[in-house]
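Within every chain, numbering begins at 1; the chains are lettered A, B, ... in the order of the sequence lines, protein sequences first and strands thereafter.
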Number of protein chains: 2
Amino acid sequence: MKNCVHKHHKKKQELASLTGRLRREARKITSPRAAILEILRHHPHPLTIKEIFAELPKGGCDLATIYRAMQMLEKLGMVKRFDFGDGAARFELVGEGEDGHHHHLICTRCAGVVEIDECFPEEIERRIASVNGFAGVTHRLEFFGVCPGCQK
Amino acid sequence: MKNCVHKHHKKKQELASLTGRLRREARKITSPRAAILEILRHHPHPLTIKEIFAELPKGGCDLATIYRAMQMLEKLGMVKRFDFGDGAARFELVGEGEDGHHHHLICTRCAGVVEIDECFPEEIERRIASVNGFAGVTHRLEFFGVCPGCQK
DNA sequence: CTTAAGTTGCAAACGATTTGCAATTGAAAA
DNA sequence: TTTTCAATTGCAAATCGTTTGCAACTTAAG
């Protein structure tokens, strides 16, 4: 179950559109960045820094460069950071104008990932916020279990 | 908002009951362990290793000892590990027979924590599991927002 | 083509957590 | 109690993911 099922209809973004977003933010389009975006573009599921590094063409860039790129892309809202609780951050490209909020179902055996459409019920979240007087409440939510292939 | 609101009626467990659980598992009741349990007993909210370390009486034990103790207590199901996404694990004592599953509302400004009674709807989780053929599905869920005190 | 600001590689620094190992200590047995 | 041995601890070194300082190097604007 190393592959990923996608129920979200994420249109693969054009590289030009991505670099355009960068340019608009007065960021330089360097070859490491183009290569990283290219990889993210082709992987609709969350990738760790090391996975991106591994996908990088021969003589790719330094790990630090990827870390810096992801920080910056996250700040610009172009990628969303996910935490599966295993100590390594994962990143996924976010469509223009979208916020990328969604969840995953992760196999605790093979680490396979399935994107989930369901989200925590808004009314309940709203109630939790108001009952406690909190503002701007969001949540971090991930599901864990054993995938079909790992159950035997 | 450095204090914690508790809507859960967690009865503070007796130290004797805790050490009894250890003894039953053929684990030694050492002074570091007793001190750690004593601290957890008095703090119904999730504590980081460093917080436990700081609470430790003068000449407490080594950090490594706390790490080892928490690993072991977690394995025995006596503490539950939480991840607020800030890189430091937090631990909370779990009542005998309970599984400690619950969630928190965390202030992104002051890091204050409120325990939440709500959980992700079971029927939806069940549907997510069956639709994807996953078994033994659980979830990790935490809420984030700005607490009343930090909103001004 | 020049140039200044933005970027990169590299190595060192970090913070959380783990681990090897010799010295110490519970607690079961004598 | 005292003996005895496995469980446990302290300490330092090792890991791991991530960040950062800095000099060398590009990109993109003029």
Side-chain angles (χ1 to χ4, degrees), chain A residues 15-16 18-39 46-76 78-91 111, chain B residues 15-16 18-39 46-76 78-91 111:
Chain A
L15 183 56
L18 292 170
T19 57
R21 287 212 254 166
L22 275 189
R23 222 183 303 279
R24 243 172 284 145
E25 296 283 347
R27 284 339 203 303
K28 293 182 178 170
I29 320 282
T30 62
S31 63
R33 288 180 180 175
I36 292 172
L37 288 172
E38 196 58 23
I39 290 169
L47 294 178
T48 62
I49 297 286
K50 302 183 95 165
E51 287 171 337
I52 295 175
F53 185 67
E55 294 281 326
L56 236 33
K58 47 281 170 191
C61 67
D62 194 86
L63 270 181
T65 299
I66 306 182
Y67 277 103
R68 283 190 274 234
M70 300 319 285
Q71 273 186 169
M72 179 236 194
L73 292 173
E74 184 184 20
K75 194 165 310 170
L76 298 193
M78 290 180 60
V79 301
K80 175 106 181 140
R81 175 191 301 260
F82 289 98
D83 178 3
F84 289 180
D86 65 348
R90 280 152 215 271
F91 303 85
Chain B
L15 183 56
L18 292 169
T19 57
R21 287 213 253 167
L22 275 189
R23 222 183 304 278
R24 242 173 284 146
E25 296 283 346
R27 286 334 204 304
K28 293 182 178 173
I29 321 280
T30 62
S31 64
R33 288 179 180 176
I36 292 170
L37 288 173
E38 195 58 24
I39 290 169
L47 293 178
T48 62
I49 298 284
K50 301 184 98 164
E51 287 171 337
I52 294 175
F53 185 67
E55 295 281 327
L56 237 32
K58 47 282 167 190
C61 67
D62 193 86
L63 271 180
T65 300
I66 306 181
Y67 277 103
R68 283 189 274 234
M70 299 320 284
Q71 274 184 169
M72 180 236 193
L73 292 173
E74 184 184 20
K75 194 165 310 173
L76 298 193
M78 291 180 60
V79 300
K80 175 106 181 141
R81 176 191 300 259
F82 290 98
D83 178 3
F84 289 181
D86 64 350
R90 281 151 215 272
F91 303 86

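Atom CZ of A:R68 and atom C1' of C:dT8 are 6 Å apart (whole Å). For A:K75 and C:dG6, the NZ to P distance is 13 Å, given to the nearest whole Å. Between the CD atom of A:E25 and the C1' atom of C:dT7 there is a distance of 17 Å, given to the nearest Å. One interatomic measurement links the two molecules: CG of B:L22 to P of C:dA28, which rounds to 13 Å at whole-angstrom precision. Atom CD1 in B:I66 sits roughly 16 Å away from atom C1' in C:dG15 (whole-Å rounding). Note: CZ (A:R33) to C1' (C:dT8) measures 10 Å, nearest angstrom. Regarding B:M72, its CE atom lies at a distance of 10 Å from the C1' atom of D:dT8, rounded to whole Å. B:F82 has its CZ atom 19 Å from the C1' atom of C:dA16, to the nearest Å.
Annotation: the terminal axes of the helix from C:dT18-D:dA13 to C:dA30-D:dT1 meet at 30°, where each axis is the rotation carrying the C1' atoms of four end pairs onto the next four (5 pairs per end, rounded to 10°).
With sequence neighbours excluded, no residue satisfies side-chain hydrogen bond (donor to acceptor under 3.5 Å, both in side chains) with A:R68. The side-chain hydrogen bond (donor to acceptor under 3.5 Å, both in side chains) check on A:D62 picks up nothing, with sequence neighbours excluded. Listed by chain and residue number, A:Q13 satisfy the side-chain hydrogen bond (donor to acceptor under 3.5 Å, both in side chains) test with A:R21 (two or more places apart in sequence, or in another chain). Not counting sequence neighbours, the partners of A:E74 by the salt bridge (Lys or Arg N to Asp or Glu O under 4.0 Å) test are A:R81. Checked against ring-ring contact (aromatic ring centres under 6.0 Å, His included), A:F84 has the following partners two or more places apart in sequence or in another chain: A:H104. For B:R23, there are no side-chain hydrogen bond (donor to acceptor under 3.5 Å, both in side chains) partners two or more places apart in sequence or in a different chain. Judged as a salt bridge (Lys or Arg N to Asp or Glu O under 4.0 Å), and not counting sequence neighbours, the contacts of A:E38 are A:R41. In terms of the salt bridge (Lys or Arg N to Asp or Glu O under 4.0 Å) criterion, B:E51 has no residue partners (sequence neighbours excluded).
Between A:R33 and A:I36 there is no side-chain heavy-atom pair separated by less than 4.5 Å. A 4.5 Å side-chain heavy-atom check between A:L37 and A:I29 finds every atom pair outside the cut-off. A 4.5 Å side-chain heavy-atom check between B:L56 and B:I66 finds at least one atom pair inside the cut-off. The shortest side-chain heavy-atom distance between A:T48 and A:D86 does not fall under the 4.5 Å cut-off.
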- Task: Could you run through nucleotides 12-18 of chain D and give me one letter per nucleotide, 5' to 3': B if any protein heavy atom sits under 4.0 Å from the base, S if only the sugar-phosphate is that close, - if neither?
- Result: -----SB

Between protein and nucleic acid, restricted to nucleotides 22-24 of chain C and to nitrogen or oxygen atoms under 3.5 Å apart, what atom pairs and distances do you find?
none

Atom pairs, N/O to N/O, protein against nucleotides 25-30 of chain D, distance under 3.5 Å?
unit_1: D:dT27; atom_1: O2; unit_2: A:K28; atom_2: NZ; d: 2.7
unit_1: D:dA28; atom_1: OP1; unit_2: A:I29; atom_2: N; d: 3.0

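In this structure, the separation between NZ on B:K75 and CD on B:E25 is 11.5 Å, given to the nearest 0.5 Å.
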